[in-house]
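Worksheet: the structure to be examined is printed underneath.
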Amino acid sequence: MSVDRIHQLRQELHRHNYNYYVKNEPEISDRDFDMLMKELEELERIHPEEYDPNSPTQRVGSDIIEGFVQAPHVYPMLSLANTYSIDDVDAWFRRVDEGLMGQDVTVVGEMKFDGSGISLIYEHGRLVRAVTRGDGEKGDVVTDNIRTIRSIPLQLQGSGWPEFFEIRGEIVLPWAEFDRINAEREAAGEPLFANPRNAASGTLKLLNSAEVARRGLDAYLYYLLGENLPFDNHYDNMKAAESWGFRVSKAMTRLHTIEEVDEYIRHWDTARKELPVATDGLVFKVNSLRQQLNLGFTAKSPRWAVAYKFAAERALTRLRFVSFDVGRMGIITPVANLEPVLLSGTIVKRASLHNDDIVQALDIHEGDMLYVEKGGEIIPKITGVDTGARVPGAAKVTFVSHCPACGTPLVRVEGEAAWVCPNKEGCVPQIVGRIEHFVGRRMMNIDGIGEETAAALFRHGFVRNVADLYELTPVELMQIEGFAAKSAQRVVDGIAASREVPFERVVYALSIPYVGETTAKKVARAAGSMSHLQEMPVEQLEAIEDVGPRIARTIADFFADEQNRTMVARLAAAGVQMEVAASNLAEPLSDTLAGKTFVISGVFARHSRDEYKSMIERHGGKNSGSISKKTDFVLAGENMGPTKLEKAQKLGVAIIDEDKFLKMLENNCVNIS
């Protein structure tokens with residue numbers, strides 16, 4: 001009976017997922033849905049033999065994905081020819097008409113979603129594999145991550161689907177989710193995603209499917225392939241796919257004349273701004289599958305389809321003033337404060353000018369009319385100045401010479417465009433920024449301390465550097481507006497729990513210049529402990545993968561500062577993790593590659609790049625991101641970058657394929673002759 005109930009619950013929850021995430025017509029409350037999910041989770045716990053990777057309970061994701069392998073596409077994923085004007089689309093339509101020699105032609109117009117392409121394989125109505133576009137011939141298998149996207153059916157509903165088929169689409173990140181994630185990243189002091197496309201693509205490649213589930217990806221499907229499709233035309237096939245549970249864009253429309261195509265473009269050039277996801281154009285496809293076959297392909301793209309790209313949206317608005325923000329690393333960022341202007345569905349009031357060089361290149365004067373552009377970017381940027389509208393005699397905008405927060409003279413970073421305030425221990429925005437970064441979710445994960453609370457803790461004198469956090473009491477916190485006994489205790493409990501945060505995240509939390517999350521993990525694992533890291537010379541730091549001379553120097557300088565060493569000592573005394581957990585260190589397998597440095601380039605068939613990096617390290621070798629005289633081997637897959645190939649040949653570095661590399665390990669010998 002319990003097993004029957006498991007199958008019943010799975011079917012019911014799949015249906016409710018479809019109603020909620022695809023049709024937007026929920027039949028039950030969130031609470032009722034959660035109760036059904038909990039019942040299924042409990043029954044699956046009791047009956048582990050009934051495990052199913054496509055169960056609704058598996059959508060939460062897991063944090064133990066080992067890395068991606070590549071798989072060939074059943075059908076190559078070709079690019080579409082791009083056009084940028086209505087005239088170009090009209091010319092394509094005429095070529096299609098000529099190529100079909102007067103046959104009646106129906107074209108399907110669709111949105112071109114700005115995300116990451118995906119190929120989904122279904123067998124017997126169940127999702128079995130998801131592969132990224134990759135190089136068009138093969139891509140990364142990301143099935144576990146795709147299973148977390150609730151608008152993608154794991155088990156099809158209805159009937160009439162082929163026993164085997166492929167459906168393609170675009171993985172997108174809705175604007176609302178994009179804004180939420182960027183707000184979190186900003187609070188954590190992490191670089192913002194430039195646009196939803198980058199965010200969606202990066203999320204798909206995360207090795208933690210639980211984090212993928214949290215990101216809130218969505219999907220639109222637009223192309224069905226297979227040997228036994230239900231209809232002989234694209235439009236009806238996609239309507240059938242919609243009935244099986246796939247999200248298909250409501251913008252998909254059949255068009256019969258050039259005039260209808262032109263009107264479709266004009267309509268969506270404006271209407272797209274109201275959509276919940278980013279788009280960068282439209283796609284037009286010949287509807288008949290027989291006509292598609294007759295038209296065929298060029299070397300790079302199908303003749304029966306074309307993409308129309310929207311022009312980047314641009315607005316002209318007046319500069320009110322330029323302000324200068326101070327970041328936690330002391331970098332001064334000029335910001336154009338603008339008269340509010342509507343752009344891509346949002347009101348834009350501020351746009352970063354990035355650095356002094358850009359300010360000078362744009363030649364901005366006070367009160368200028370500035371061109372603001374988004375295009376596919378969510379972060380607005382200034383792209384030009386309407387000099388014809390400039391007020392005569394308007395003063396040129398100049399970069400500040402002293403820190404706007406503490407008055408310290410700025411210094412220019414050698415070889416860079418950035419001006420920096422060197423007063424790291426006395427400049428309030430830097431101190432508060434480092435506190436805010438330290439407590440962030442991906443760092444020490446101390447909930448309840450945001451920007452305002454971090455500033456208040458400093459203002460009250462409770463926290464002058466991050467080590468002071470571990471001496472905070474509920475009584476002190478209750479002196480800050482908004483804190484009651486319960487919320488204050490929750491923060492103190494969160495601080496106590498952060499003592500268990502892994503050493504890799506502790507290194508990231510310290511705000512060492514140029515050391516981001518990935519670099520911090522590599523540095524921490526290479527050093528093994530804080531005591532070792534503090535004493536590592538620059539040369540040894542440089543040997544760590546992705547740590548070049550600049551990063552190595554900043555790490556050494558950070559730990560050479562006595563105040564930083566004192567802070568780290570206090571963190572250690574407070575019980576913060578100061579060494580890599582044994583479980584995070586992969587067991588070495590041999591010393592076959594000891595003393596050898598590898599650079600990996602290209603796409604591989606037998607293992608992923610991350611797997612090869614792990615093999616190199618576990619057999620005693622080192623990975624490097626760039627080719628130099630110190631490089632011993634380049635492990636080259638298909639589509640190796642031409643620049644790397646040329647440099648390797650110039651330096652006489654041995655280039656090996658994956659078969660030779662695996663033979664090295666098999667024979668315990670680096671001799672490749």
Side-chain angles (χ1 to χ4, degrees), residues 1-68 118 120-130 141-158 161 171 173-174 176-177 180-181 184 203-219 244-247 441-442 445 447 490 493-494 497 500-502 583:
M1 188 67 181
S2 295
V3 172
D4 290 340
R5 179 60 175 160
I6 287 174
H7 296 301
Q8 178 189 350
L9 284 167
R10 285 174 179 168
Q11 187 174 9
E12 193 172 341
L13 286 165
H14 280 312
R15 180 170 57 81
H16 288 310
N17 259 322
Y18 170 71
N19 289 337
Y20 186 91
Y21 289 100
V22 179
K23 294 181 67 178
N24 200 26
E25 297 174 1
E27 294 179 353
I28 61 174
S29 68
D30 290 350
R31 183 180 182 281
D32 289 341
F33 182 92
D34 290 341
M35 295 302 291
L36 292 174
M37 184 69 81
K38 285 181 179 178
E39 182 184 354
L40 178 57
E41 287 172 347
E42 178 61 18
L43 287 173
E44 288 181 341
R45 186 188 65 78
I46 297 169
H47 296 278
E49 72 279 2
E50 291 298 315
Y51 169 78
D52 183 346
N54 283 345
S55 170
T57 60
Q58 299 304 303
R59 289 194 187 270
V60 297
S62 165
D63 61 359
I64 54 173
I65 300 174
E66 293 299 326
F68 299 117
I118 197 72
L120 307 176
I121 302 295
Y122 284 78
E123 293 182 5
H124 311 296
R126 293 164 57 84
L127 175 67
V128 296
R129 188 168 75 245
V141 177
V142 291
T143 315
D144 287 333
N145 285 347
I146 289 298
R147 282 196 176 102
T148 70
I149 302 174
R150 296 180 183 274
S151 54
I152 291 179
L154 306 181
Q155 172 70 56
L156 300 185
Q157 61 178 22
W161 60 76
I171 304 301
L173 187 68
E177 296 298 319
R180 174 183 64 80
I181 292 168
E184 291 176 358
T203 299
L204 268 188
K205 294 300 184 70
L206 290 175
L207 294 179
N208 181 341
S209 62
E211 175 62 17
V212 177
R214 198 192 69 80
R215 291 273 180 99
L217 293 175
D218 204 345
W244 304 336
F246 295 103
R247 185 195 295 281
R441 184 180 55 81
R442 300 181 73 87
N445 194 26
D447 197 20
R490 187 162 57 246
D493 291 343
E500 303 304 316
V501 165
S583 59

Going by heavy atoms in the side chains, are [X] and [Y] under 4.5 Å from each other?
{"X": "D52", "Y": "R126", "value": "yes"}
{"X": "R10", "Y": "E44", "value": "yes"}
{"X": "L40", "Y": "S55", "value": "yes"}
{"X": "W244", "Y": "P153", "value": "no"}
{"X": "V212", "Y": "I146", "value": "no"}
{"X": "Q11", "Y": "Q157", "value": "no"}
{"X": "L127", "Y": "R147", "value": "yes"}
{"X": "M37", "Y": "L13", "value": "yes"}

If you take all heavy atoms of [X] and [Y], which pair is closest and at what distance?
{"X": "A219", "Y": "S151", "result": "N-OG, 3.4 Å"}
{"X": "L120", "Y": "I152", "result": "CD1-CG2, 4.0 Å"}
{"X": "R441", "Y": "E184", "result": "NH2-OE1, 3.9 Å"}
{"X": "L204", "Y": "V142", "result": "O-CG1, 3.6 Å"}
{"X": "L173", "Y": "R215", "result": "CD1-O, 3.4 Å"}
{"X": "A130", "Y": "T143", "result": "N-OG1, 3.1 Å"}

Q8: side chain to side chain donor-acceptor pair (under 3.5 Å) partners, not counting sequence neighbours: R5
For atom CD of E42, is the number of surrounding heavy atoms from other residues, nucleotides or ligands below 6.0 Å larger than 12? yes
Heavy atoms of other groups near D493 CG, more than 12 under 6.0 Å: yes
Salt-bridge test for R442 and E211: reply yes if a basic N is under 4.0 Å from a carboxylate O, no otherwise. yes
Hey, is R490 close enough to D447 for a salt bridge, meaning N to O under 4.0 Å? no
Any donor and acceptor pair, going by atom type alone, linking the side chain of N445 with main-chain N or O of V501 inside 3.5 Å? no
Inter-residue atom distance [X].[atom1] - [Y].[atom2], 0.5 Å rounding:
{"X": "T203", "Y": "E177", "atom1": "OG1", "atom2": "CD", "result": "10.5 Å"}
{"X": "F246", "Y": "W161", "atom1": "CZ", "atom2": "CH2", "result": "9.5 Å"}
{"X": "H7", "Y": "L43", "atom1": "NE2", "atom2": "CG", "result": "11.0 Å"}
{"X": "I171", "Y": "I118", "atom1": "CD1", "atom2": "CD1", "result": "5.0 Å"}
{"X": "E41", "Y": "L9", "atom1": "CD", "atom2": "CG", "result": "11.0 Å"}

When you look at V128 and Y122, which way does the side chain to side chain contact (heavy atoms under 4.5 Å, CB included) test go after all the steps? CA-CA 6 Å; V128 296; Y122 284 78; over 6 Å; no
